Amino acid sequence: MPRVFALVDCNNFYASCERVFQPRLRDRPIVVLSNNDGCVIARSNEAKAMGIPMGAPFFRFRRLAQHRQVEVFSSNYALYGDMSARVMRILQEYTPSLEVYSIDEAFLDLSGHARRDLGAYARELALTVRRSTGIPVSVGIGPTKVLAKAANRIAKRNPETGGVLDLAALGPHVDAHLERIAVRDVWGIGKRWAEKLEQLGIGTAAALRDADPSLVRRRCSVVVERIVHELRGVSCLALEEAAPPRRQVLTSRSFGTRVERYEDMREAVATFAARTAEKLREDRARAQALTVFLQTSEHDHRTPQYSNAATVPLPRATQDTGELIRAAMDALDRIWKPDHRYLKAGVMLLDLVPEDADQAVLFGAPGEAKRRESRRLMHVLDGVNRDQGTGTVRYAAEGLRKAWRMKQERRSPAYTTRWDQLPVAKG
DNA sequence: TCTGGGGTCCTAGGACCC
DNA sequence: TCTGGGGTCCTAGGACCC
């Protein structure tokens, strides 16, 4: 049976989230910044039209933003995550076969709907999401994921589609559209492969579709070869409804101010370890190894550069914050070098195994009582921090000063996830 | 000028995504 | 002064084993 995929994508997602709770932002240019207020990671259409590029370091556009009265926000992941969950719940009602691909995108398998008018169906879906959440979405429909992505792109760029496009409805006009999509803009083709493909005379989505798959495999990789097939309508990338268990989990941050003191670095790394441990427990997993890395700024040419990482095995798979902090401190001591201005550090947990994988074996085994105690403690810790906010209860090693804390000067309130920050309707 | 051959496992690095 | 964070997959090459 031929497959039919839809890609639903929230338009300018972070900017749209900010807009939902501040109606005065309608029609205003908005940008949202990365952690540490470093780069531009989302823009409303108005901001795009001013030529503020995606990923640009914000300091280069600060004056323009000020001059043109751009609304600037620090990123607010509590808000975006919650809005994303609302959107996904609605999509779930429309189809059980859904892959949440990212915070603002989902693939839907519409193969069972193939005889209905998919365009009308998708328009209704988009309207429902808009009405219930305030978030505008675009929908692209095609026989493969790569083509659904392309259809979505075409829908966004052609206002007459109303943000919804079924590739099948284009008939022979598909070619003209694929010829206008640069190969760089095909899903899965990044800068490097685009350069390579262009050298081979393959510059557009249409040209990639018509390229020799074995040549593409030799010169690029099997991944790019698959994209050729996908562009031809042969589905190689399946819908992944149940996300496979994560293989690693990582917390890292650039510091608000450079870190030079050992004590500050210990505090930061302990904090990252604690946060990573929390994510690990959310995943109901344990880790068998831990990596700490740190680095100076590659943009800073006047002070010595250094970056390094150390991995320590964990004697037994664990999800205990205390144990993970201790391991992180050991790893840090192996790579710490004084007299450097550190920009960034992080903690990564590796070789994850399911929480209960070895429980039968360990029942009654030495250390099992201690482990159960740890589990209860972690449960309480997570409960409090979930209800009262991250970091309400924490380990002493995480510190109080946090001189290195990231910069977030323009964050909007957590409208939807904190009672004390609910928006107030004035009568 | 010679120094087997093949399989598996692991890791580092490069590529991509949002 | 000021340049994000968190993932995945694939491949090449080395270690190790028989």
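Chain letters run A, B, ... following the sequence lines, proteins first, then strands; residues in each count from 1. Keep in mind it's a predicted model, so treat the numbers as computed, not measured.
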Enquirer: Between A:Met406 (CE) and C:dG4 (P), how many Å, whole number?
Expert: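 Atom CE in A:Met406 sits about 13 Å away from atom P in C:dG4.
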
Enquirer: Reckon A:Arg62 touches a base, only the sugar-phosphate, or nothing at all at heavy-atom distances under 4.0 Å?
Expert: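 Base, at least one base heavy atom under 4.0 Å.
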
Enquirer: If you compare every side-chain N and O of A:Ser254 against the phosphate oxygens of C:dG5 (OP1, OP2), does one of them come in below 4.0 Å?
Expert: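 Checking C:dG5 against A:Ser254, a side-chain N or O does come within under 4.0 Å of OP1 or OP2.
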
Enquirer: Is the phosphate of C:dG6, meaning OP1 or OP2, less than 4.0 Å from a side-chain N or O of A:Arg246?
Expert: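 No, no such contact exists.
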
Enquirer: Quick one: is C:dT3 close enough that its OP1 or OP2 comes under 4.0 Å of any side-chain N or O from A:Arg258?
Expert: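 The answer is yes; a side-chain N or O of A:Arg258 sits under 4.0 Å from OP1 or OP2.
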
Enquirer: Under a 4.5 Å cut-off applied to non-hydrogen side-chain atoms, are A:Phe73 and A:Gln22 in contact?
Expert: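 A:Phe73 vs A:Gln22: side chains touch.
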
Enquirer: What nucleic acid atoms does A:Asp37 come within less than 4.0 Å of, heavy atoms only: base, sugar-phosphate, or nothing?
Expert: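 Nothing: the residue A:Asp37, judged by heavy atoms under 4.0 Å, touches no strand.
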
Enquirer: Which part of the nucleic acid does A:Lys196 contact within heavy-atom distance under 4.0 Å: base, sugar-phosphate only, or nothing?
Expert: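 Nothing: the residue A:Lys196, judged by heavy atoms under 4.0 Å, touches no strand.
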
Enquirer: Could you state the CZ-P distance from A:Arg341 to C:dT1, rounded to the nearest angstrom?
Expert: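 That distance rounds to 11 Å.
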
Enquirer: To the nearest Å, give me how far apart CZ (A:Phe272) and P (C:dG4) are.
Expert: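 So the CZ-P distance, A:Phe272 to C:dG4, works out to 14 Å.
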
Enquirer: Looking only at atom C1', what distance separates C:dC16 and B:dG4, rounded to whole Å?
Expert: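 Going atom to atom, C1' in each nucleotide, I get 16 Å.
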
Enquirer: Would you say a side-chain N or O of A:Lys279 is under 4.0 Å from OP1 or OP2 of C:dG6?
Expert: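 Looking at the OP1 and OP2 atoms of C:dG6, one of them is under 4.0 Å from a side-chain N or O of A:Lys279.
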
Enquirer: List the steps, then state whether ring pair (Phe, Tyr, Trp, His ring centres under 6.0 Å) holds for A:Phe5 with A:Phe107.
Expert: CA-CA 7 Å; A:Phe5 294 95; A:Phe107 284 102; 7.0 Å; no

Enquirer: Starting from P on B:dC18, measure out to CD1 on A:Ile41 and report it in whole angstrom.
Expert: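 After rounding, the reported distance stands at 14 Å.
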
Enquirer: Is the distance from OP1 or OP2 of B:dC17 to the nearest side-chain N or O of A:Lys191 less than 4.0 Å?
Expert: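 For B:dC17, OP1/OP2 do not have a side-chain N/O of A:Lys191 under 4.0 Å.
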
Enquirer: I'd like to know if A:Glu105 pairs up with A:Lys149 as an ion pair, taking the criterion as any Lys NZ or Arg NE/NH1/NH2 lying under 4.0 Å from an Asp or Glu carboxylate oxygen.
Expert: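 Salt bridge flag = yes for A:Lys149 with A:Glu105.
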
Enquirer: Using whole Å, report how far CD of A:Gln248 lies from P of B:dC10.
Expert: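 In whole Å, B:dC10 P lies 16 Å from A:Gln248 CD.
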
Enquirer: Classify the nucleic acid contact of A:Ser252 as base, sugar-phosphate or nothing, counting any heavy atom under 4.0 Å across all strands shown.
Expert: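 It contacts sugar-phosphate atoms only.
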
Enquirer: Send over the distance from A:Tyr14 OH to C:dG4 C1', rounded to a whole Å.
Expert: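 Result: 10 Å.
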
Enquirer: Do A:Tyr121 and A:Tyr94 have ring centroids that are under 6.0 Å from one another?
Expert: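 Centroid separation for A:Tyr94 and A:Tyr121: below 6.0 Å.
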
Enquirer: May I ask you to evaluate whether A:Arg226 reaches the phosphate of C:dC10, defined as a side-chain N or O under 4.0 Å from OP1 or OP2?
Expert: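 Yes, because at least one side-chain N or O of A:Arg226 sits under 4.0 Å from OP1 or OP2 of C:dC10.
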
Enquirer: May I ask you to say what A:Glu105 touches in the nucleic acid, namely base, sugar-phosphate or nothing, with a heavy-atom cut-off under 4.0 Å?
Expert: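 It contacts sugar-phosphate atoms only.
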
Enquirer: Within a strict 4.5 Å, meaning less than it, do heavy atoms of the A:Lys145 and A:Trp187 side chains meet?
Expert: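 Yes - at least one pair of side-chain heavy atoms lies under 4.5 Å apart.
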
Enquirer: Find the partner of C:dA15: check Watson-Crick (N1-N3 plus N6-O4 or O6-N4) and G-U wobble (N1-O2, O6-N3) distances, both under 3.5 Å, and reply none if neither fits.
Expert: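 Per the H-bond distance test, B:dT8.
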
Enquirer: Please report, rounded to the nearest Å, how far the P atom of B:dC17 is from the CZ atom of A:Arg153.
Expert: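 A:Arg153 atom CZ is separated from B:dC17 atom P by 12 Å.
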
Enquirer: Regarding A:Phe58, tell me which of base, sugar-phosphate or nothing describes its non-hydrogen contacts under 4.0 Å with the strands shown.
Expert: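 No contact.
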
Enquirer: Ring-plane angle category for A:Tyr342 and A:Trp336, please: parallel below 30°, perpendicular beyond 60°, tilted otherwise.
Expert: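 A:Tyr342 vs A:Trp336 ring planes: tilted.
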
Enquirer: Distance check needed: C:dC2 P versus A:Lys407 NZ, whole Å only.
Expert: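 Taking atom P of C:dC2 as the reference, NZ of A:Lys407 is at 9 Å.
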
Enquirer: Counting the atoms with a prime plus P, OP1 and OP2 as sugar-phosphate, which does A:Arg247 contact under 4.0 Å by heavy atoms, base, sugar-phosphate, or nothing?
Expert: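 Since only primed, P, OP1 and OP2 atoms lie under 4.0 Å of A:Arg247, the category is sugar-phosphate.
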
